[in-house]
2 protein chains.
Amino acid sequence: MISGKKTPTIQDVARHASVSAATVSRVLSSPERVSETTRERVTAAVRETGYTINQAARSLRLKAARTILMAAPNIGNPFYSTIVDAVLSEAAARGYSVLVASSIGDDPNLWLRDYLLSTRADGLLLFDGSLDTKRLHGLDEGGVSLPLVAAYDEIPDPEINSVITDNRLAAKRAIRHLVELGHRRIGHVTFPSRNGTTNERLIGYHEAMTEAGLETHPEWMALGNYNMPSGAAAAEQLLALKQRPTAVFCANDEMAIGFVHQMRKAGVECPRDISVIGFDDITVAEYFDPPLTTMRQPREQIGRMATRSLIDIIEGIQPEDEPVHLVLMSDLIVRKSTRAI
Amino acid sequence: MISGKKTPTIQDVARHASVSAATVSRVLSSPERVSETTRERVTAAVRETGYTINQAARSLRLKAARTILMAAPNIGNPFYSTIVDAVLSEAAARGYSVLVASSIGDDPNLWLRDYLLSTRADGLLLFDGSLDTKRLHGLDEGGVSLPLVAAYDEIPDPEINSVITDNRLAAKRAIRHLVELGHRRIGHVTFPSRNGTTNERLIGYHEAMTEAGLETHPEWMALGNYNMPSGAAAAEQLLALKQRPTAVFCANDEMAIGFVHQMRKAGVECPRDISVIGFDDITVAEYFDPPLTTMRQPREQIGRMATRSLIDIIEGIQPEDEPVHLVLMSDLIVRKSTRAI
DNA sequence: AAGCGCGGTGTAATCGATTACACGCAGTTG
DNA sequence: CAACTGCGTGTAATCGATTACACCGCGCTT
């Protein structure tokens, strides 16, 4: 590469190859439209100069950034790790970069809009059901329709593309598993929100209980925060009951781990005294003691499919007026944290 | 906001406020240089039109993207979750966006260079010591010096800014802890690489053993992959020995968890039969059974400091020719996975 | 031989924001 | 009253890549 103070532009390459900038551009984007000899000269010049396309200029001209924005409320949660990986690799495969943002903190609706209107990102991968997507999607009736895919977290808006899992059904299967093991007093640790996903799991819990002819008691419910400490707190709450549940369904594995941890601290064994079933199947679930029975979420697939359909929409492969709604299946993974009563 | 087909430009705002685009730009970037009446008119016009700055145009003009690139070999590892969180929030506070990329797969040196030269990112936060930073940093002697901060993973290049922890010392303290408990046969699960961080821990292990007058045996060493399955495999290997170590130092918590899990499977108890100490203090370490003794890494701080100094460099607050080398301290967190022999 | 078609290339406008420079219009100052 | 200062604003060039359009030259038809 040529030594020089500044990064070479397409003009520099053109000069090197004794052609016009237009030709260089064509060699780069549609090589078949350029004669072979010229093409070779240009390719050589690109190599010699060490030319790299200036994305800002390209984005400005094309009004597209080849970048997607991934927003989640708590990227800090290990649950997202696999998903991020999948999103990155799928995006890279399609030639897209990935901006990441946390959707908590100062009015996400505001800066998300900003990102998308400012030619920084061409589309949004949203892992947060709590945002006001009406405002995001319609962008205040501006008529600008925004490539948006909601993933993992359910959003009750049929207009919005989504990639989710069968949360309600999965919850029902979790409960049925416990029922089949003979449990009748089954508790639930959930998350307080109108958040679609958790809510679906809650509904599934109730439906399955009703279908099994079992009662649900408000005191068997605990509110958690999706993390381990809150699972532990939930355990404290449930263990204090005069009549404890014999099994507990936690809305995610982290809370389940916290729950079991706290149980053990109190001298209550899992699954001997209380069976616990989680949700997600994070990596550590298998290595935990006892290995956690859980509903596995196909996280890698969620990330991959969501990214894929977002890019399909951006590139017009998928028409925007026919929203895609993908529902992936969860699997019951039976390990050692549940047992027959 | 005004209904319209396209996103408003600075010209549109100018027209609304009956001023020139230059004035609008000034109101946005240096309000004090504009008279108060004009400023108010423009501000109102911005609000009315719903104007959002076009970043591509801005980047093109300013040759800066207000974006940093975070690259790690395996963002999929939960270890990074906290770090990502910290990076995001610190970057947001300084008005920067964050692009994330995985530094494995097709020649990272190549596309990293691409990112940085293409006005997509202004600097690089590198969590991967295995990359050829000579090439990255000097960018082939192009004279273009690139804002780069190496974080977490050590890079043996005094020219490169870094934010790391005291790996060697921390490893020594881990070993000393075991020695104080009376252990003499101490194994180590490490990662095979010239990767600075792991290597420092390995050196620390050897130094501490020597200082304590203890022998190290090659068969007490196992190679892992930083994840739980490889920790389990390491356990299999070490448990098969005629004379097992009585304590094992694992280079990260994930491997430690895998190790303990496999021990239990084989009917070997931790810490009764073998004490295990980890490294990092990931969230689950505390909730695992037994709660893991480990060397806590100030991950949040690593992310925050690294981001801060990167942006300082980008903005010229920190001169490039005086590399910053920050070494943060790890803490020994004694829990239940280690005990006196 | 004039005209047509076509592949290959160049010319120049364009995307939207920034900023050096120029200009106009007070309000001083000598 | 001319010259000067300085604030506030506008004009126009600029960043680098893309692409519609024009053009050139060659081979082919009629």
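Letters A, B, ... mirror the listed sequences (proteins, then strands); counts begin at 1. None of these values were measured; they are calculated from a predicted model.
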Name the closest nucleotide to the [X] side chain, picking from [options].
{"X": "A:Leu62", "options": "D:dA17, D:dT18, C:dT18", "value": "D:dT18"}
{"X": "A:Ala22", "options": "C:dG16, C:dT18, C:dT11", "value": "C:dT11"}
{"X": "A:Asn54", "options": "D:dT9, C:dG10, D:dG16", "value": "D:dG16"}

_Walk me through whether A:Ser97 and B:Tyr115 qualify under side chain to side chain donor-acceptor pair (under 3.5 Å)._
CA-CA 9 Å; A:Ser97 305; B:Tyr115 264 98; 3.0 Å; yes
Between [X] and [N], does any side-chain N or O lie under 4.0 Å from OP1 or OP2?
{"X": "A:Thr38", "N": "C:dT9", "value": "yes"}
{"X": "B:Arg33", "N": "D:dG8", "value": "no"}
{"X": "B:Thr23", "N": "D:dG10", "value": "yes"}
{"X": "A:Lys63", "N": "C:dG16", "value": "yes"}

*asked:* Does B:Thr38 form a side chain to side chain contact (heavy atoms under 4.5 Å, CB included) with B:Val19? I'd like the steps, not just the answer.
replied: CA-CA 8 Å; B:Thr38 320; B:Val19 293; 3.7 Å; yes
To the nearest Å, give me how far apart [atom1] ([X]) and [atom2] ([N]) are.
{"X": "A:Arg66", "N": "D:dA17", "atom1": "CZ", "atom2": "P", "result": "16 Å"}
{"X": "A:Arg58", "N": "D:dC15", "atom1": "CZ", "atom2": "C1'", "result": "17 Å"}
{"X": "B:Glu32", "N": "D:dG8", "atom1": "CD", "atom2": "P", "result": "10 Å"}
{"X": "A:Leu28", "N": "D:dT18", "atom1": "CG", "atom2": "P", "result": "7 Å"}
{"X": "B:Ile10", "N": "D:dT14", "atom1": "CD1", "atom2": "P", "result": "19 Å"}
{"X": "A:Arg61", "N": "D:dG16", "atom1": "CZ", "atom2": "C1'", "result": "11 Å"}
{"X": "A:Gln55", "N": "C:dC15", "atom1": "CD", "atom2": "C1'", "result": "15 Å"}
{"X": "B:Tyr51", "N": "C:dA17", "atom1": "OH", "atom2": "C1'", "result": "7 Å"}

*What closest approach, in Å, do B:Arg58 and B:Ile53 show between heavy atoms, and which atom pair accounts for it?*
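Minimum heavy-atom contact is CD-CD1, 3.5 Å.
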*Could you give the angle between the helix axes at the two ends of the helix from C:dA1-D:dT30 to C:dG30-D:dC1, with five pairs per end, rounded to 10 degrees?*
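For the helix from C:dA1-D:dT30 to C:dG30-D:dC1, the axes at opposite ends meet at about 70°.
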*Run the salt-bridge test on A:Arg94 and A:Asp312 with the 4.0 Å N-O cut-off and return the result as yes or no.*
yes
Have a look at [X] and say if it touches a base, only the backbone sugar-phosphate, or nothing, with a 4.0 Å heavy-atom cut-off.
{"X": "B:Ile53", "result": "sugar-phosphate"}
{"X": "A:Ser35", "result": "sugar-phosphate"}
{"X": "A:Val19", "result": "sugar-phosphate"}
{"X": "B:Thr9", "result": "sugar-phosphate"}

_For A:Val24, run the side-chain contact (heavy atoms from CB on, under 4.5 Å) check against A:Thr9, A:Val42, A:Asp12 and tell me which one passes._
A:Val42
*How are the rings of B:Tyr152 and B:Phe79 set relative to one another: parallel (under 30°), tilted (30 to 60°) or perpendicular (over 60°)?*
tilted
*Among B:Asn54, B:Thr7, B:Thr52, find the one that has a side-chain hydrogen bond (donor to acceptor under 3.5 Å, both in side chains) with A:Thr119.*
B:Asn54
*With side chains defined as the heavy atoms from C-beta onward, is the minimum distance between B:His325 and B:Asn161 less than 4.5 Å?*
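No, every pair of side-chain atoms sits at 4.5 Å or beyond.
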_Check: C:dG10 base within 3.5 Å donor-acceptor of A:Arg26 side chain_ = yes
*Of B:Ser18 and A:Leu60, the one whose closest DNA chain D nucleotide lies more 5'*: B:Ser18
